[in-house]
Each structure stands twice: as C-alpha cells, then as structure tokens.
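Note that these values count all heavy atoms, side chains included, but never hydrogens, waters or copies made by symmetry.
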Amino acid sequence: MSVGNSTVVGDNDTPVTLRKDQHTPIPEIPETLNTFSFTTDDYLKERAFYVPIGLGGLIAALEALDEQLVQSGRSKILSKKRPVAWAGREITPGRIGLINYGGSPKLVTRPGRYPPFPFRNWWARTWEGTHGISDAVIEFQGLTVVQVSQNQAAVISDPQNKIFVVKNSGFVAFAIEGSYDVLAVIDQTHLPSIVVDKLTGVVLGWTHEVKMQSKVGKGAERDYVVALFLNIPANNCAILQRGNDLELLGAGQSVITNPSVTLRGLYTLGENQLELPTKDIFTRDQVPVSLTLYLKWQLTEPLKLATHGYNTPYDALRDKTQSILTQIVAHLDYSSMVKQRTLGPNNLEDGNDPSSQFLDSLRTQALDEMHEAALEYGIVLKDLAVIDRQFKGEIANTMDKLTTRALHAQVEAANVHRENDNRVKQEEGALAVARIKAQALNSEADAAAYSVVAAAKAQAERTKIEAQALAEATRMAAEAEAEAVRIKAEADAKVVDQFAREMELRRMEVSRVQAYGSKTVFVPTEGAGAQMGSAMAMGMAAGMGADRR
C-alpha cells in the first residue's frame, strides 16, 4: 500500500497517522493503492520495454515485448525458426529454448525439433538450453522474466537501482542499459526472523531484510538493506516512522521499500501480565524497601506509547509505577508496612490493622494514579498487586530478626498444636475402633441369642405338634376301640341262640383268665357275693388296725 510518498506495501490495510500535536489516531485515506498488479501502477507504467504478465501468460507477454522492440528499431527476441519432425534439438511443451545470438537473446517458444540450419551466421549462434515457462526467474542476456505465485514476493532492482516488489504476478523486461536484478524471492508466510517480546515472551511477528550488494570506493562491496518484509499476526500491530509522523500498520503481510520509512517497533494488543521489581524506596522513617508488583495490562493505542518514546508498555509502566510508589511510601512508616505482604481482592485487611494505611493507599491512590497514567500511554491497567517486600537497613535487619524469632515461636506453637491435634485424632480413632468392635460383638451376641430363641421356639412348636398329633391319634384309637366294642356289643345283643350266648361268655372268661392269670379271684360287685366281699374287707381292715395298736 502506498501512502503519500512512502512505499509501504501491505494487504490493503489503511494506516493510521498520528501527528505530534494530536492524541487520538486519525485514519488517513491513501492516495493510491498498490495491489501488486503492475498494470495499474503509475511508477511501473513509465518503464521502457517492461510488460506485465497478464491473462495470456508468459508467451503473450514475450510477444508484446518483441513488438515493442521491433517498433523501436531493435532486434527481435523471438526466433523465426519453425519446428521440424526429422532432426534437431527438441523443445518439449511447457518449455522455451534460449539461443545466444551474438550477445542478444533469442527465444524459441514452439515445441518440437529445431535443426541447426541454415549455416548462415552459424558461428554467431549458441544454444543455451531450455527453461520452464512457469519458472519463477529467468535471466538471459539482458532479458528478465519474473513470475511469483501466491504468498511469494520478488524484490527487483531496475537499471536505475530503484527497488520494487512483485507479488502474485510477474513481468517480462529487457534492459537496454543496466539490468533488472532479482534480489530475492520471499515466502511471505514463513519469514525467517521471529520477533519476541523479551519480557513477556509474546510473539510479536516475523521479519526479513532483503539486502543488495553495491560497490563502494575502490571496488569494495557492501550490503545495504533495500526491503523489509513484515508478517504481523492477528491482534498485533507495527509502528512505522516517516520523518516526524508515525503510522500504525495492522496485522497482515507488508513490505517496506522506502528508505525514509523505518520500523519503530512491533506491539501486541492482547493482555499481558508480569512481575515488576522496583528500586529501593525510603519510608518516612528512612527505612529502604524494595517492592515486587504484579501488573496486568493491555495496550489499546500503540501510537500514544510510541509518541512518548517508549518501546514497550512495560518500560512506561515501570517508570510511572516507580514514581507513584515513591510518593506513597515516603508518607508511610516502617511499622505500617511490615505486616502485610500481599495485596489483592481476596486479601483485604480490617481498618484497625497497622498495615491498613499502606493497603488503603495502594487501593486508592496508587491504583487510580496508575490507571490515569497508563491511559496517557494508551495502556489500560487491569490489575495491580504487591506480592513481595524486602526491607533493608539496620532497623529492617533488627525487625527481621524479631520477626524471625516470632515466626519460629509461631512455628513451634503450630507444631505443638499439630501434635496435640494428632494425638486427639489418634485417641478419637482408637475410640471409634473400640465402638465399632463393641457394635460388632453386640451384633454377634444378638445373632446368637436370636438363633437360640428361634431353635427353642422351633423345638417347642415341634413338641406341641407331636403332642397334638399323639393326642389326636390316641383319641381316634379310643374312639375306634369304643366303636368296635359298641359294634361288638350290639352284635352280641342280637344273638338269640342260648348256646351261642353261653359260648361267648365262656370265651370272655378265657380271655379274662389269660389277661389276669389263673390265680386271680374275681369278686362280684352285685348281690350276695358283693356283700360278702365287703364284709371280708372290713374284717381284714379291723384286724390290721388291732395289730397296729
């Protein structure tokens, strides 16, 4: 992209210019845009015997250049030879043949075989081989062909040693005086030199310098930088300087060829965080202290930072932070700063604490002043915290010793407390184990008792069932026997034959004797026999009583 008289070529990004007397970036509309299509470039249109390669390709551009040479009264560069089928040097499709014709170039563009005839002027012709039509660079006897593809860029020096860049295009040129020198063909996507912020480690971009050798004095050669390629990743930018003006160049691929335009620096627009150690600051009672701060910031307006002469946001924040903290600490005593060591949203002290004066000053005065100061440099300060303090001097040493002793005492007390806690926890653990064992024994006893009770209940139930079954069987047997006796008695009662009755009584007598023995005396229970038995019993009883007396 071309802005004014500068030649800063990029991806059609509009640069932003900041004047010395301005504080906000003002977009500046470029006068002409260079999209690497040299058919629309006014500077390249003035060149003689220079033909851009268009839609017709290399052959069409060579034919146009050949026509310009003929119209100017110079020799053609395209050979009139036609191919034959029987012999000669072969040119395959996609290649062109090069012939040195007495120091002038001759090109054969048609594929086929070419014989060495005619013999006229044969000593002035030399076959130089072939080149591919799609080759990036062809240089032959003053003829220069350059063709670059996507992501490629060629740096060219014309016969007047003026530098221009070709991207995504090409040209064919014939130098009558001087030469077109192809200094480099660059892969813009993979530039070799990486630029990293040394403090934060953030990749700011990639650069590559193209140099040109020139003879100085008595034949000595030196290298001079003629082009600077930039590849700036997203969310980053570059600051360019042209005289007293600064230009903001956004992310993308760009190249600088104007010597009056220099690269001021590369910056990142993302968030950054870093620890910032300060120099020694004296308290009101002359005790030196050095602080270590935590800073988190984001650069939003790089032009403001570059205008103030700082190369990185860290440099600006460091100087301003040192100045503000010097003013704050100079009004504080050592005692107000000795306790608190960190400052953050999760570490806010009570107002009665001796260190609250220092913390309140940092929360209010330091944060506010730092935020306002950072805005002047185009920086948004997002976080500020004190993460460490180091006191120096004899008073600090004495206080450190006292603090160390206090810390030792606190550590010992903490150790004793921890040992007591451990013992208590051990006892609690042993008690818990005993409780668990007792619960286990109780569970086992309950289970054993339940088993005994269940067995006893089962045995009792079994005995009950067996007794019930035996009683039921006895009852049923008695009922059956009684029923049998009844039936037998009824049957006997129905017998009317006297002899049968007498035989039955005889059988009963035999059964009774069998049951009670043959010596048993049966006493009748009714009639005279029964009375005689009663009398005999009474007499025997009386005799037994008399003997007794």
Side-chain angles (χ1 to χ4, degrees), residues 271 273 275 292 294 296 335 337-356 358-360 362-363 382-391 399-489 511-512 514-517 520:
E271 290 185 355
Q273 53 187 359
E275 294 182 4
T292 301
Y294 166 79
K296 184 178 181 181
S335 59
M337 299 178 60
V338 69
K339 284 190 177 182
Q340 186 66 27
R341 300 189 64 83
T342 60
L343 170 65
N346 298 324
N347 193 7
L348 301 179
E349 294 289 336
D350 188 7
N352 297 325
D353 189 79
S355 61
S356 60
F358 172 64
L359 299 182
D360 291 340
L362 284 179
R363 294 190 196 105
K382 295 190 173 183
D383 194 7
L384 171 64
V386 178
I387 60 177
D388 191 16
R389 287 199 301 273
Q390 295 292 333
F391 295 95
M399 295 301 297
D400 286 341
K401 292 179 181 179
L402 296 177
T403 304
T404 303
R405 293 178 183 176
L407 290 176
H408 283 298
Q410 292 178 0
V411 171
E412 291 178 359
N415 291 334
V416 172
H417 181 68
R418 183 169 59 253
E419 291 179 358
N420 293 333
D421 290 342
N422 293 335
R423 292 177 181 176
V424 171
K425 291 181 179 179
Q426 290 177 358
E427 296 296 334
E428 291 177 353
L431 179 60
V433 171
R435 288 177 180 176
I436 293 173
K437 289 182 178 180
Q439 292 178 357
L441 293 176
N442 291 334
S443 300
E444 293 178 357
D446 292 341
Y450 178 79
S451 299
V452 172
V453 172
K457 288 182 179 180
Q459 185 66 27
E461 189 69 19
R462 177 183 175 182
T463 303
K464 179 180 178 181
I465 293 173
E466 290 179 352
Q468 290 178 355
L470 182 60
E472 185 67 18
T474 303
R475 184 183 64 78
M476 292 178 65
E479 289 179 354
E481 185 176 357
E483 184 67 17
V485 171
R486 185 184 64 78
I487 293 172
K488 186 176 181 181
S511 298
R512 186 171 56 182
Q514 289 179 352
Y516 296 101
T520 305

Below 3.5 Å, can you tabulate the donor-acceptor pairs from side chains in residues 419-430 to any protein atom, sequence neighbours excluded?
{"residue": "Asn420", "atom": "ND2", "partner": "Val416", "partner atom": "O", "Å": "3.3"}
{"residue": "Asp421", "atom": "OD2", "partner": "His417", "partner atom": "NE2", "Å": "3.0"}
{"residue": "Asn422", "atom": "ND2", "partner": "Arg418", "partner atom": "O", "Å": "3.1"}

Contacts table for residues 467-474: side-chain donor-acceptor under 3.5 angstrom, sequence neighbours left out:
{"residue": "Glu472", "atom": "OE1", "partner": "Arg475", "partner atom": "NE", "Å": "3.4"}
{"residue": "Glu472", "atom": "OE1", "partner": "Arg475", "partner atom": "NH2", "Å": "3.2"}
{"residue": "Glu472", "atom": "OE2", "partner": "Arg475", "partner atom": "NH2", "Å": "2.1"}
{"residue": "Thr474", "atom": "OG1", "partner": "Leu470", "partner atom": "O", "Å": "2.9"}

Crowding at CD, Glu483 (>12 non-hydrogen neighbours, <6.0 Å):
yes
Provide the full list of side chain to side chain donor-acceptor pair (under 3.5 Å) pairs with a residue in residues 432-458, sequence neighbours left out, each pair given once.
none
CG (Leu441) and CD1 (Ile436) are apart, to the nearest 0.5 Å, by 12.0 Å
